[in-house]
Undergrad: 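Below is the structure I would like to discuss, written out as structure tokens.
Indexing begins at 1, ligand by ligand and atom by atom, following the structure's order.
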Amino acid sequence: MPLVSEMELKSNKTSLENSYKEACGDKDFVSLVKSLELDSKSAMKMTSKLQETLEEKSHCKNCKGTFMCKNSYNGHVLIPTKKENRIYFTYMPCKYEQQILEKTRQNERKVRMKDIDTKDKKQLSVIKWMDSFYEEYDLTKNSKGLYLHGSFGSGKTYLLSALLNELEFNKNVSIEIVYFPEVLRSIKEDFDTFGYKMQRFMHVDILLLDDIGAEKVTEWGRDEVLGTILQTRMEQNKTTFFTSNLTIKELENNLALANNSVDKVKARRIIERIKQLTMDMELISENRRD
Ligand code: ADP
Ligand code: MG
């Protein structure tokens, strides 16, 4: 017996058609479909998702800051983009969130181990791990980094930045702290420096890939950028750190883009590399971002 009866399929189709027709009464919807160069058949399939992007965009219009964000992922807005004839829906940091990120990054570039306060007991095991890593770190040895995952604002980026800055300052280690979603954007925008940046990410002594999984990557971002960086670092025994809001398992799902078997294998391959490069640690604590 078929799982879905023919009648059900038909009625699904009519309801899709109806919502599409209804949506076309909205001129913003029509111009969005036009700007994405969608034919009506493909547009119909993603009517509700497209409407969602318009709704999020309209929330942003009168917004004064992330404290009053109405979107489903705070400080972010869902946008549709077209790449190689496929439509991707991505949560991008809004203009306010971008300012916060930029400010945090500037501060964190300078943060040192002595700046870390130890009042949050939930951070203690990470700090302890970092202390002994700092003492023992030696370029000639294969030292694993951390896959530090956990809640938003719990101090993941702050703590690891302090460790890396300290190593750079006192032990002459070359470091790179990169906000991963931004890297993919900047690389795409500026192909001239792509090779140079890739070399740096592959060969720097210690790399921190910050906030991996915060945005859905494209196939290219996953396989050509992330995959290549991790493969090289693995072969050369280079220490690599990650922070993420996702557990490794959740990251694996996030990386299996189309969720078919080929994609799943590719996601798995990335995850295997991350596991080889790191120790898994969790940091769940209160949100300290103001
Ligand atoms: P996450 O990366 O986990 O989302 P952050 O590392 O950005 O969170 O932490 C949020 C903010 O909390 C940081 O910008 C920093 O100001 C503050 N913070 C977190 N932990 C500490 C600490 N141990 N000492 C001082 N400030 C901290
Ligand atoms: Mg962070």
Side-chain angles (χ1 to χ4, degrees), residues 65-67 69 71-77 90-135 145-169 175-186 201 206-217 221 226 229 239-251 254-255 274 277-290:
T66 54
F67 64 91
C69 178
N71 288 343
S72 55
Y73 176 20
N74 196 285
H76 290 72
V77 55
T90 326
Y91 285 100
M92 300 286 263
C94 71
K95 61 177 180 194
Y96 300 113
E97 180 71 11
Q98 274 178 25
Q99 287 167 6
I100 296 171
L101 289 171
E102 186 47 41
K103 227 166 109 194
T104 326
R105 257 173 275 147
Q106 279 168 7
N107 291 336
E108 253 129 46
R109 242 168 250 147
K110 288 172 244 138
V111 85
R112 300 275 295 276
M113 298 269 268
K114 62 171 169 27
D115 301 319
I116 297 173
D117 71 48
T118 47
K119 63 179 187 221
D120 182 352
K121 300 293 169 247
K122 301 224 170 73
Q123 287 184 345
L124 286 186
S125 51
V126 180
I127 295 173
K128 225 172 122 193
W129 185 94
M130 286 182 3
D131 278 337
S132 62
F133 181 90
Y134 178 80
E135 290 308 321
L146 285 184
Y147 181 84
L148 186 58
H149 66 94
S151 54
F152 179 83
S154 61
K156 303 181 293 295
T157 305
Y158 184 88
L159 294 175
L160 293 183
S161 300
L163 171 65
L164 267 56
N165 289 341
E166 199 66 50
L167 286 162
E168 178 182 47
F169 194 84
I175 64 154
E176 196 69 58
I177 300 172
V178 290
Y179 181 64
F180 192 63
E182 187 61 42
V183 165
L184 291 178
R185 262 198 295 281
S186 72
F201 299 152
I206 303 185
L207 177 71
L208 166 57
L209 290 178
D210 194 25
D211 242 345
I212 192 167
E215 287 172 19
K216 261 230 178 303
V217 294
L226 186 58
I229 294 172
T239 307
T240 312
F241 286 87
F242 302 83
T243 75
S244 182
N245 291 333
L246 307 178
T247 63
I248 289 212
K249 188 73 213 153
E250 287 165 343
L251 181 67
N254 174 285
L255 290 173
I274 294 180
L277 285 163
T278 61
M279 206 183 100
D280 194 6
M281 215 182 236
E282 187 172 70
L283 177 58
I284 293 177
S285 192
E286 61 174 294
N287 178 6
R288 290 174 60 158
R289 281 191 214 177
D290 33 53

Undergrad: Is the closest side-chain heavy-atom distance between Tyr91 and Val77 below 4.5 Å?
TA: no
Undergrad: Below 4.0 angstrom from a heavy atom of Thr157, which ligand 1 atoms are there? Numbered from 1 as shown, please.
TA: 2 (O), 6 (O)
Undergrad: What atoms of ligand 1 come closer than 4.0 angstrom to any heavy atom of Gln123?
TA: 19 (C), 20 (N), 21 (C), 22 (C), 23 (N)
Undergrad: If you measure from CD1 on Ile248 to CD on Glu282, what distance do you get to the nearest 0.5 Å?
TA: 11.5 Å
Undergrad: Can you sort out which atoms of ligand 1 are near Ser154, meaning under 4.0 Å from one of its heavy atoms?
TA: 1 (P), 3 (O), 8 (O)
Undergrad: With heavy-atom distances below 4.0 Å as the criterion, list the atoms of ligand 1 near Arg289.
TA: 1 (P), 2 (O), 4 (O), 7 (O), 8 (O), 10 (C)
Undergrad: Ser151 heavy atoms, cut-off 4.0 Å: which ligand 1 atoms fall inside?
TA: 3 (O)
Undergrad: Please state which part of Tyr158 comes within less than 4.0 Å of ligand 1, counting heavy atoms only: side chain, backbone, both or neither.
TA: both
Undergrad: Compute the shortest N/O to N/O distance between Asn245 and ligand 1 and return yes if it is under 3.5 Å, no if not.
TA: no
Undergrad: Which residue, Ser154, Ser125, Ser151, forms the side-chain contact (heavy atoms from CB on, under 4.5 Å) with Leu283?
TA: Ser154
Undergrad: The Mg ion (ligand 2): which protein N, O or S atoms are under 2.8 Å away?
TA: Thr157 OG1
Undergrad: Salt bridge between Asp280 and Lys249, side-chain N to carboxylate O under 4.0 Å?
TA: no
Undergrad: Do you know which of Ile274, Ile212, Val217 makes side-chain contact (heavy atoms from CB on, under 4.5 Å) with Leu226?
TA: Ile212
Undergrad: With heavy atoms only and a cut-off of under 4.0 Å, state how Lys119 meets ligand 1: side chain, backbone, both or neither.
TA: neither
Undergrad: Geometry only, no angles: is Leu159 polar-contacting ligand 1 at N/O separations under 3.5 Å?
TA: no
Undergrad: Between Ile284 and Gly150, what is the shortest heavy-atom contact and its length?
TA: CG1-CA, 4.1 Å
Undergrad: Give a yes/no on ligand 1: does Ser161 have at least one heavy atom closer than 4.0 angstrom to it?
TA: no
Undergrad: On a heavy-atom basis, which atom in Pro181 and which in Asp210 lie closest, and how many Å separate them?
TA: CD-O, 3.9 Å
Undergrad: Do Tyr179 and Thr157 have side-chain atoms, one donor and one acceptor, less than 3.5 Å apart?
TA: no
Undergrad: Heavy-atom contact under 4.0 Å between Thr243 and ligand 1?
TA: no
Undergrad: Using heavy-atom distances only, which candidate in Ser244, Gly155, Gly150 approaches atom 5 (P) of ligand 1 most closely?
TA: Gly155
Undergrad: Is the closest heavy-atom distance from Asp120 to ligand 1 below 4.0 Å?
TA: no
Undergrad: For Thr243 and Tyr147, what are the C-alpha separation, side-chain angles and deciding distance, and is it a side chain to side chain donor-acceptor pair (under 3.5 Å)?
TA: CA-CA 6 Å; Thr243 75; Tyr147 181 84; over 6 Å; no
Undergrad: Using residues 126-134 as the side-chain source, report each donor-acceptor pair under 3.5 Å to any protein atom, sequence neighbours left out, with the distance given to one decimal.
TA:
from	atom 1	to	atom 2	distance (Å)
Ser132	OG	Trp129	O	3.2
Tyr134	OH	Asn170	ND2	3.3

Undergrad: Roughly how far, to the nearest 0.5 Å, is CG of Asp117 from OH of Tyr158?
TA: 6.5 Å
Undergrad: On the 0 to 90° scale, with breaks at 30° and 60°, tag the His76-Tyr73 ring pair as parallel, tilted or perpendicular.
TA: parallel
